[in-house]
Student: 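This is the structure I have questions about; it appears just below.
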Amino acid sequence: MNLSLCSKAGLAATILTLSSLLLPLSGTAAEGDFSAGAMVWSENCGRCHNIRDPLDLRDDDWKTAIFHMRLRAGLTGQEARDVLAFLVASNKPARKSIIAAKASTSSGSGKLDGQAIYNKTCIACHGGNGKGLLPGVPDFTDPKGRLSQNDEVLIKHITEGFQTPGSPMAMPAKGGNADLMAGDVRAVLAYIRKQFGN
Amino acid sequence: MKHPGRLTRHALAVAMALALPMTASADVGYNELKKTVQQLQKQLQQVQQILKQQEAKVKEFEENTVTRAEAKALEGEINAASEWKDPNLIFHIAGYADVGYVDGGNGGNNKDGSFRVGGFAPIIHAQYKDLILLQTELEFQLNDDGSTKVGLGYMNINWFANDYVALGAGKFLSPIGQFRQNLHPSWINKLPSAPPGFGHDGAAPIYEVGLQARGGFPIGSLRSNYAVYVGNGPTLKMELEDGAFGLDGIDAEGIGADADGEKVWGGRFGILPVAGLEIGISAATGKATATLNETTGSTLSNQQARDYDVLGFDGVWKYRSLMLRGEYIESEVGRATTGSTASAGAKWETWYTQASYLVPSTKFEGVLRYTDYDSPHKSKDQQQWTLGLNYLFASNVIGKLAYESNDGMNGKPSDDDRWLFQMAYGF
């Protein structure tokens, strides 16, 4: 082994790292982004350990856990904020209050089309091809799979969250996106059926 | 009166003439009055109906509307909840623990099997805003004689300088390779045992005491991560055999005092070309000095600082339920030409490759690992196949059953095959 080479490499890496401290900070850090966080979460966390269920921890516990994981996994600050935004949005059990019930059963048509909702909320786990990116996530293209069930059942699962048998974690209510209205849920289901159904 | 009857008749006639139109007028008034009353009744019913509807609406409104007092009370609850959620200083406890059963190994002393407590490792985090994170892991282990060993796994204070750099100081997990820094906790490791060479006195450094910078940054559309450090480095253990000293092992578990004053530099760089794939390279270099005569247990001093170099490669690829990973690490110590322990150098080398597969729609996971560990001591050389079957009670609670087929020097623990069962819990 070339010792001087190693020494120089370590020294160079340290100097580069320390000099990055001199980079101007971006001022106010950007807020975490739900969709980006879902993607970072699904693409990174499972590389070392089983994916943890967002319901495992409450918001403040996730905050510290994510800062810990920022160190362990070498995430950027923005990636850490994105993952945190995803987790704190996804760890809410289906709400039972009158207001939430009204919102979830409202006939409101929502603002987004099904494809936009899928690409923002669902794609991180279900994948662009609908086959599922994570262990336990169902394959939408399977003719005898999840899409063989009727709309009423699937809308209930999307709205309230659902744990696939054998899966180590549950899909959060509305995929973690609490802003979705009943019309949005119907729209995304229609898109899923059109895109992946047989 | 001359014609009283006549007058009476005239008066009666006049009265009748007057009374006839009056009777007709009374009949008309009654009918109109009746009609009016009926209309009023109808209107009253309509009003009553409207009132009923309004009452229902008011009731619904009252049910779905909070009063000012209720809103204030709710605001108080939200503020109270926010106290838990958004303080400047957050304490958090995480960690892991495992228990199990081992049958075989340990030089034959365990051939009939023993229940084991693998360890209990609480991790405490104390975070100040988004700036500082103190993290420490304690290690509790139950010894064979029933006593308990307590150790400080790591303890470091980190400053998140910006989005790409976190500077830390203290005792930290060695960033060389992947297993020691990210995979060793029992709820993460997919088998009940560490690959040979990645445990104590192995080829892979475990802890370091010093300064470290860690983080990640994008390279175009690719992700990358890095860690660089400077630390005290390890110390060396010597053995006395046939009157001559030789290198026995490297103590790279985080040395609190630098015996030779020579620091060790090192780090790791990882890149993720595509999602699910990470490739890493690690290296460290510096000096290490003998401080312990392992044969007698006595300390050594004034020994010559030797060259110390580490090189490692690691990779992991995950596709849906399949995960493949591998890692290679070598630690090399140079020779010493002066001092009482002057002797030749030595090299420790190990690598493993592991495949795991979570059976779809089940909680069962199969694992296969092969490890080849070479040390300067033939009695410790080991080739190992490990086959495991896991059951995921939850993503952080795992039951593991594994069989180790070990090939080492005959009669040595490294040659004993083992059955292992472990329940691992990450919290």
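Values reported hereafter were calculated over all heavy atoms of this structure, with side chains retained and with hydrogens, waters and symmetry mates removed. Order of the sequence lines fixes the chain letters, A, B, ..., with proteins taken first and strands second; residue numbering starts at 1 for each chain.
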Student: So what's closer than 4.5 Å to chain B heavy atoms on A:Asp61: side chain, backbone, both or neither?
Tutor: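 For A:Asp61, backbone and side chain are both near chain B.
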
Student: Answer with side chain, backbone, both or neither: which region of A:Val88 has an atom nearer than 4.5 Å to a non-hydrogen atom of chain B?
Tutor: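 When you check distances to chain B, no heavy atom of A:Val88 falls under 4.5 Å.
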
Student: What residues of residues 114-127 of chain A make heavy-atom contacts with chain B at a cutoff under 4.5 angstrom?
Tutor: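 Residues in range: none.
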
Student: Count the heavy atoms of every other residue, nucleotide or ligand shown that sit under 6.0 Å from CZ of B:Phe91, and state whether that count exceeds 12.
Tutor: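 Counting neighbours around CZ of B:Phe91, 12 or fewer heavy atoms of other residues, nucleotides or ligands fall under 6.0 Å, so no.
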
Student: Begin with the C-alpha distance, continue with both residues' side-chain angles, and end with the deciding distance and a verdict on side-chain contact (heavy atoms from CB on, under 4.5 Å) for B:Glu278 and A:Asn44.
Tutor: CA-CA 10 Å; B:Glu278 180 175 0; A:Asn44 285 273; over 6 Å; no

Student: Counting heavy-atom pairs under 4.5 Å with chain A, which one of B:Gly426, B:Gly276, B:Gly216 comes out on top?
Tutor: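 Ranked by contacts with chain A, first place is B:Gly216.
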
Student: Specify the closest pair of heavy atoms between A:Cys48 and B:Asn182, including all atoms of both residues, with the distance to one decimal.
Tutor: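 In this case the closest contact between A:Cys48 and B:Asn182 is SG-CB, 3.9 Å.
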
Student: Please determine, among A:Met39, A:Glu43, A:Arg47, the option with the most heavy-atom pairs under 4.5 Å with chain B.
Tutor: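 Looking at each option in turn, the highest pair count goes to A:Arg47.
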
Student: Between A:Asp139 and chain B, which part of the residue has a heavy atom less than 4.5 Å away: side chain, backbone, both or neither?
Tutor: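 Neither part.
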
Student: So which residue, B:Val264, B:Leu211, B:Asp130, ends up with the most heavy-atom pairs under 4.5 Å with chain A?
Tutor: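 Most heavy-atom pairs under 4.5 Å with chain A: B:Asp130.
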
Student: Against chain A, work out which of B:Leu173, B:Leu183, B:Asn396, B:Val316 has the most heavy-atom pairs shorter than 4.5 Å and name it.
Tutor: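 Most heavy-atom pairs within the cutoff with chain A belong to B:Asn396.
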
Student: Relative to chain B, which of A:Arg52, A:Lys63, A:Gln78 shows the most heavy atom pairs under 4.5 Å?
Tutor: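 Greatest number of close heavy-atom pairs with chain B: A:Arg52.
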
Student: Which bit of B:Leu272 comes within less than 4.5 Å of chain A, counting heavy atoms only: side chain, backbone, both or neither?
Tutor: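 Just its side chain gets close to chain A.
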
Student: Provide the closest heavy-atom pair for B:Arg320 versus A:Val137 in the form atom of the first, atom of the second, distance.
Tutor: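 Residues B:Arg320 and A:Val137, closest heavy atoms: NH2-O, 4.5 Å.
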
Student: Can you tell which of B:Met323, B:His125, B:Arg325 has the highest number of heavy-atom pairs within less than 4.5 Å of chain A?
Tutor: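 Answer, by heavy-atom pair count under 4.5 Å with chain A: B:His125.
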
Student: Select one option (side chain, backbone, both, neither) describing which atoms of B:Gln181 are under 4.5 Å from chain A's heavy atoms.
Tutor: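 Both backbone and side chain of B:Gln181 come within 4.5 Å of chain A.
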
Student: Minimum heavy-atom separation for B:Pro218 to A:Thr76, with atom names?
Tutor: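 Answer, listing the atom of B:Pro218 first, then A:Thr76: CD-CG2, 4.3 Å.
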
Student: Which one, A:Thr64, A:Asp56, A:Asp60, leads in non-hydrogen pairs under 4.5 Å with chain B?
Tutor: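 Top option by heavy-atom pairs under 4.5 Å: A:Thr64.
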
Student: Does any heavy atom of chain A fall under 4.5 Å from the side chain of B:Gln178, the backbone, both, or neither of them?
Tutor: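 When you check distances to chain A, only side chain atoms of B:Gln178 fall under 4.5 Å.
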
Student: Determine the option with the most heavy-atom pairs under 4.5 angstrom with chain A, choosing from B:Lys318, B:Arg223, B:Glu365, B:Gln135.
Tutor: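 Top count of heavy-atom pairs under 4.5 Å with chain A: B:Arg223.
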
Student: Hey, which residues of residues 65-73 of chain A are touching chain B, say heavy atoms under 4.5 Å apart?
Tutor: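 The residues closer than 4.5 Å to chain B, in numerical order, are A:Ala65, A:Phe67, A:His68, A:Arg70, A:Leu71, A:Arg72, A:Ala73.
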
Student: Is B:Leu322 in contact with chain A via its backbone, its side chain, both, or neither, using a 4.5 Å heavy-atom distance?
Tutor: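 When you check distances to chain A, no heavy atom of B:Leu322 falls under 4.5 Å.
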
Student: Checking B:Asn189 against chain A: side chain, backbone, both or neither under 4.5 Å from a heavy atom?
Tutor: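 No part of it gets close to chain A.
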
Student: Does CD in B:Glu70 sit with more than 12 non-hydrogen atoms of other residues, nucleotides or ligands closer than 6.0 Å?
Tutor: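 Counting neighbours around CD of B:Glu70, more than 12 heavy atoms of other residues, nucleotides or ligands fall under 6.0 Å, so yes.
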
